[in-house]
There are 2 protein chains.
Amino acid sequence: MAEKRQLTRRGRQRRDKLLAYATTRFAENGYHPTSVSDIVDGVGVGKGVFYWYFDSKDQLLEEILRDALRDLRTTQAAAIADATDPLQRLEAGIRASIRWSAANTDIIRLVNFGWSEESFADVLRRGRDIVVTDTAHLIEQAVDLGQIMEGDPVMMASAIRAVIDQLGQEYALGNGDVDPEMVETAVRMCLRGLRG
Amino acid sequence: MAEKRQLTRRGRQRRDKLLAYATTRFAENGYHPTSVSDIVDGVGVGKGVFYWYFDSKDQLLEEILRDALRDLRTTQAAAIADATDPLQRLEAGIRASIRWSAANTDIIRLVNFGWSEESFADVLRRGRDIVVTDTAHLIEQAVDLGQIMEGDPVMMASAIRAVIDQLGQEYALGNGDVDPEMVETAVRMCLRGLRG
DNA sequence: GCCGTAATTGACCGGGCGGTCAAGGAATTC
DNA sequence: GAATTCCTTGACCGCCCGGTCAATTACGGC
């Protein structure tokens with residue numbers, strides 16, 4: 001198993017390079033149409049290298065998805081750290097998520113694909129629930145302070161996720177670029193939706 | 001080429017059966033993991049039958065997607081035929097689209113997959129633009145009557161599409177079933193968004 | 001009942017896929 | 001400089017996939 005390998009710095013770099021290249025290829029070309037040979041050729045290494053770092057092609061995609069979740073949550077955490085007021089933290093988190101989506105359209109396309117096969121969909125369901133729970137906790141704090149109306153925090157968080165998701169689709173699948181005004185509209189929709 | 005074939009009634013039934021079975025299999029199991037052999041075995045016919053009715057596996061999926069668009073538009077057209085008031089027609093169309101989404105979660109999953117490969121994404125982009133244009137025309141009529149605020153009709157139509165799409169995702173990808181109240185919220189969001 | 005065409009069969013094919021592995025080269029450690 | 005561990009190579013494997021086709025059968029019109 002490639003899991004418990006003790007990697008050197010050089011090893012970690014190779015691994016990251018494979019991860020990064022695979023992400024863009026999968027996003028541009030599709031997961032199945034992109035072969036493991038395509039990936040190792042693109043990075044300029046032998047095929048064995050791939051299986052030194054990863055157990056299988058499937059495991060690679062699962063790892064890409066899990067890494068992306070970690071990256072998103074890290075970004076969110078950093079963005080809300082400055083503020084102390086729950087409502088401000090909520091807005092900062094929303095804006096950070098939108099920025100992250102704009103910068104990671106590759107991932108968004110991979111996520112869309114992932115929902116089409118059960119093994120990946122499992123990973124995505126879990127990830128989605130985690131992100132929603134994060135948001136729901138912020139909402140609860142705001143409710144405790146009377147800043148927003150009472151209601152199911154998970155449902156509210158789901159709605160916020162839906163708005164951000166749709167903006168992400170616009171970034172990833174839209175024809176041209178996205179009107180910045182749209183971001184403001186989305187943020188407003190999220191925050192207004194919480195008040196009533 | 002299977003395109004110009006003169007089909008008997010029996011032929012059309014077979015074709016429809018293949019189309020229907022492939023749709024559910026693709027949705028459940030994924031497009032690539034489902035082989036042509038899986039499909040013909042499932043329907044209980046020889047492999048040659050498949051290539052009598054379709055040029056290729058890819059063409060089959062493209063046809064499924066195009067048929068789905070046609071079906072959606074037919075449903076919408078039927079739903080708005082009753083009303084004459086543009087705003088009422090708009091609402092009827094939205095509700096019909098939502099109902100259609102709830103009844104066609106298989107298609108929604110296939111659409112998600114389709115965006116991940118360029119050849120299918122082309123078909124989807126075109127379909128999306130058509131649906132948005134349909135809606136934009138309705139909006140224009142409502143604007144002319146002063147029923148809703150001025151603004152880019154295409155942008156407004158895109159927003160409506162986004163709301164409906166997100167509800168569709170909920171139907172197709174959600175864990176449990178969808179709170180009917182969510183439908184009302186979605187409809188309200190669409191119509192309110194048009195007023196200001 | 002005959003004939004033309006629609007429909008069906010399933011063995012077969014070439015190729016590309018994910019994945020393996022024996023062998024060998026680089027670092028690192030002592 | 002020997003030993004150990006990390007890393008790399010690329011030919012190779014078996015499988016199964018999408019797609020073909022010559023032969024055969026069912027159907028409809030007359």
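So that the names make sense, note that chain A is the first sequence line, chain B the second, and so on, each numbered from 1.
The aromatic rings of A:Phe113 and A:His32 sit perpendicular to each other, their planes meeting at more than 60°, with 30° as the lower class boundary.
Across all strands, A:Val49 comes closer than 4.0 Å to base atoms (heavy-atom distances).
Summarising the geometry, the separation between NZ on B:Lys17 and C1' on C:dA7 is reported as 16 Å, rounded to the nearest angstrom. In this structure, CG of A:Leu18 is placed 12 Å from P of D:dC7, rounded to the nearest angstrom. Rounded to whole Å, the distance from CZ on B:Phe54 to C1' on D:dG18 is 15 Å. The distance between atom CZ of A:Arg10 and atom C1' of D:dT5, rounded to the nearest whole Å, is 12 Å. Look at CG on B:Asp55: it is 13 Å from C1' on D:dG18, rounded to the nearest Å. Taking atom CZ on A:Arg9 and atom P on C:dA26, their separation rounds to 19 Å, with Å as the unit. Between B:Trp52 atom CH2 and D:dA26 atom C1' there is a gap of 12 Å when expressed in whole angstrom units. The separation between A:Asp58 atom CG and C:dG18 atom C1' is 10 Å, rounded to whole Å.
Distances shown here put every side-chain N or O of A:Tyr53 at or beyond 4.0 Å from the OP1 or OP2 atom of D:dC6. Contact between the side-chain N/O atoms of B:Arg14 and the OP1/OP2 oxygens of C:dT8 is found at a separation under 4.0 Å. Distances shown here put a side-chain N or O of B:Tyr51 below 4.0 Å from the OP1 or OP2 atom of D:dG19.
For the pair A:Lys57 and A:Tyr31, the cation sits on the ring face: its NZ or CZ lies under 6.0 Å from the ring centre, inside 45° of the axis.
Checking D:dG19, C:dT9, C:dG19 against every side-chain atom of B:Ser56, the shortest atom distance belongs to D:dG19. Among the nucleotides C:dG18, D:dG18, D:dC6, the one closest to any side-chain atom of A:Ser35 is C:dG18.
Closest non-hydrogen pair, A:Arg95 versus A:Val183, comes out as NH1-CG1, 4.4 Å. Among all heavy-atom pairs drawn from A:Ile64 and A:Ala22, the shortest one is CD1-CB, 4.4 Å.
With hydrogens and angles ignored, the 3.5 Å screen pairs no side-chain donor or acceptor of B:Ser116 with any backbone N or O of B:Asn112.
The base of D:dG19 sits within donor-acceptor range of the side chain of B:Lys47, with an N or O pair under 3.5 Å.
Of the two residues near DNA chain C, B:Gly48 and B:Thr8, the one whose nearest nucleotide lies more 5' is B:Thr8.
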